[in-house]
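Everything on this sheet refers to the single structure shown next.
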Amino acid sequence: MTTSVHGPAEEAAGSSPPTGPPRSRRALVAGSVGNFIEWYEFGVYGCFATVMAATFFTPEGGSEAEALIRTYASFALAFFFRPVGAALFGRLGDRVGRRPTLILVVSLMTAATTLIGLLPSYAAIGAAAPWLLTLLRIVQGLSAGGEFGGAVSLMTEFAPPGRRGLYGAWQSFTVALGLLGGAGVAAGLATVLSEAQLGAWGWRVPFLLTLPMGLGALWLRLRLEESPSFRRRPGAAGDPAEPEARADARAEAGAVRADARETMRAIALGVGRLMGWSAAGYTFLVVLPSYLQSVLDASFRQALTATALANAGFAAAILPAGALSDRVGRRAVMVSGAVVAALAAFPLLYLLRDPGAPTAAKGLAVCAAGAVVGLLAGPGPAMLAEMFPTRVRYTGLGLAYALSNAVFSGCAGLIVTAAVERTGNADVPAYYVAATCAVSALALAGPRGDDHRRALRD
């Protein structure tokens, strides 16, 4: 797999038409809107984990802890279907284009999330309720697996020279906005509704709100153009070298097979680089509400407030981190984030457990923890895009991200909740974050740090 070493000026002077600011901004909005919907739903699911457990996973005589573990098992199962979706839709996106594939995945995500808001409870239909919920979570996992690779490919391939980190950071920024939006809607409902109303019907409202959002995202993507990198790939329609590319199809196929091993190594390295981001992000941003309630006896509203603060810090740090990585490199920013997250995990939990600590200090600490995750999430998408050539970029970066999230994010709630329940050790989340971030720091520290100055490989 060869590496292009030409600079931003040469990258902008490719065979495709120049990518002007309006087209870049349109791609940025269309690419990021699907991420917002996807992570809005995951934020809602995390915030309402205890309510969902009571609604779908609590048969007569079952304990609340067992129901919460089953809820997170369903949560984790959806994540394990993400790599399947990344491979399936990634292959489609690398063959037929980013645009049609992204249209398909946002349609599936919208339909599945809306249907969750309409599902009957365990009390209404018995054991079919958790199975139907799990089926819809699987559809969400498949579509979410296809979303990231296409959105990041689209945004980075449309990015103006020297701004790839900032453009890629919008993917993570809309993730933060989605999680924050989900937490905000949940907190608003918890404020205006009683706990009985939330359990009876209020939890359905955030899921049903996905329908109008999804229709808006679909409209934006229908108006989208295909990315310039995809159009100029060898053998693309309109490529001046198309006849020669077709004549050399057998040689091209052989080259792809020869690159397969290197692509798999790049995917494995990508998983190592992302595992700290995945684990710390889900521990601090999604699992925190149920952890605060079940371990620290916080109220539902206190837990949601802490989650909102963590996501606010996360959102505030992402775009500056992405822009900074365009100047100093992805490695410098992400290694700093991983090291700080590993060192801060235990002090954060000790502060949250301290009954004498001021409320303002706890809120500031939670917000700062989210900002540290933002140092990883800001440069992360561009870093992944730079690891793969155009012909496998959608698949490669999508699989790296999906595998990392399946193992280290999707399992975070299950691992943390089950481990705390069995051991009684409230420090489990800190051990989890510190270990994964330490591995990520090592994976990020090894390779060269100048990829941000190089063109994306065609």
Side-chain angles (χ1 to χ4, degrees), residues 14-17 19 23-24 26-35 37-38 81-112 139 141-159 171 214 217-257 259-260 263 267 381 384-385 387-402 456-458:
S15 59
S16 65
T19 304
R23 294 173 62 206
S24 299
R26 191 180 305 121
L28 197 62
V29 174
S32 58
V33 67
N35 295 304
I37 295 171
E38 171 194 342
F81 275 88
R82 282 186 170 216
V84 179
L88 175 65
F89 293 113
R91 187 63 174 161
L92 188 65
D94 284 329
R95 285 192 169 191
V96 305
R98 283 58 165 128
R99 176 183 177 272
T101 310
L102 286 170
I103 289 171
L104 177 59
V105 296
V106 78
S107 300
L108 288 173
M109 172 62 72
T110 301
V139 174
L142 290 171
S143 58
E147 174 67 31
F148 180 87
V152 172
S153 295
L154 187 79
M155 289 186 282
T156 55
E157 289 169 0
F158 267 106
Q171 190 280 336
L218 182 61
W219 178 77
L220 287 169
R221 290 186 173 181
L222 287 169
R223 300 175 66 243
L224 186 65
E225 300 176 45
E226 190 52 81
S227 82
S229 294
F230 184 81
R231 288 199 309 270
R232 68 170 177 254
R233 79 199 189 287
D239 185 352
E242 183 179 357
E244 291 83 354
R246 288 180 177 175
D248 294 337
R250 184 175 300 174
E252 176 69 16
V256 171
R257 286 193 298 270
D259 284 345
T263 299
I267 291 172
L384 281 177
M387 294 177 67
F388 301 94
T390 298
R391 67 175 179 271
V392 295
R393 182 170 296 124
Y394 196 140
T395 305
L397 71 88
L399 271 173
Y401 183 79
L456 290 176
R457 289 173 288 169
D458 286 335

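Along the sequence shown, the residues carry numbers beginning at 1.
For the pair Ser24 (side chain) and Phe158 (backbone), a donor-acceptor distance under 3.5 Å is present. Between the side chain of Asn35 and the backbone N or O of Gln171 there is no donor-acceptor pair closer than 3.5 Å. In this structure a side-chain-to-backbone donor-acceptor pair under 3.5 Å is missing from Arg91 to Thr395. For the pair Tyr394 (side chain) and Arg95 (backbone), a donor-acceptor distance under 3.5 Å is absent.
With rounding to the nearest 0.5 Å, the separation of OG in Ser143 from CG in Leu88 is 11.0 Å. To the nearest 0.5 Å, atom CG of residue Leu456 and atom OG of residue Ser229 are 6.0 Å apart. Here CZ of Phe89 is found 10.5 Å from CG of Leu102. Values are rounded to the nearest 0.5 Å. Atom CZ in Phe230 sits 9.5 Å away from atom OG1 in Thr390 (nearest 0.5 Å). With rounding to the nearest 0.5 angstrom, the CG atom of Leu399 is 10.5 Å from the OG1 atom of Thr263. Of the inter-residue distances, the one linking Ile103 atom CD1 with Leu224 atom CG reads 7.5 Å to the nearest 0.5 angstrom.
Cation-pi geometry between Arg223 and Trp219 is met: the NZ or CZ atom falls under 6.0 Å from the ring centre, inside 45° of the normal.
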Checklist entry - What do the steps show when you test Glu147 against Arg221 for salt bridge (Lys or Arg N to Asp or Glu O under 4.0 Å), and what is the final call? => result CA-CA 12 Å; Glu147 174 67 31; Arg221 290 186 173 181; 2.6 Å; yes
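Salt-bridge check for Glu157 with Arg99: failed, with every basic side-chain N at 4.0 Å or more from each acidic carboxylate O. In this structure, Glu225 does not pair ionically with Arg98, as no charged nitrogen and carboxylate oxygen lie closer than 4.0 Å.
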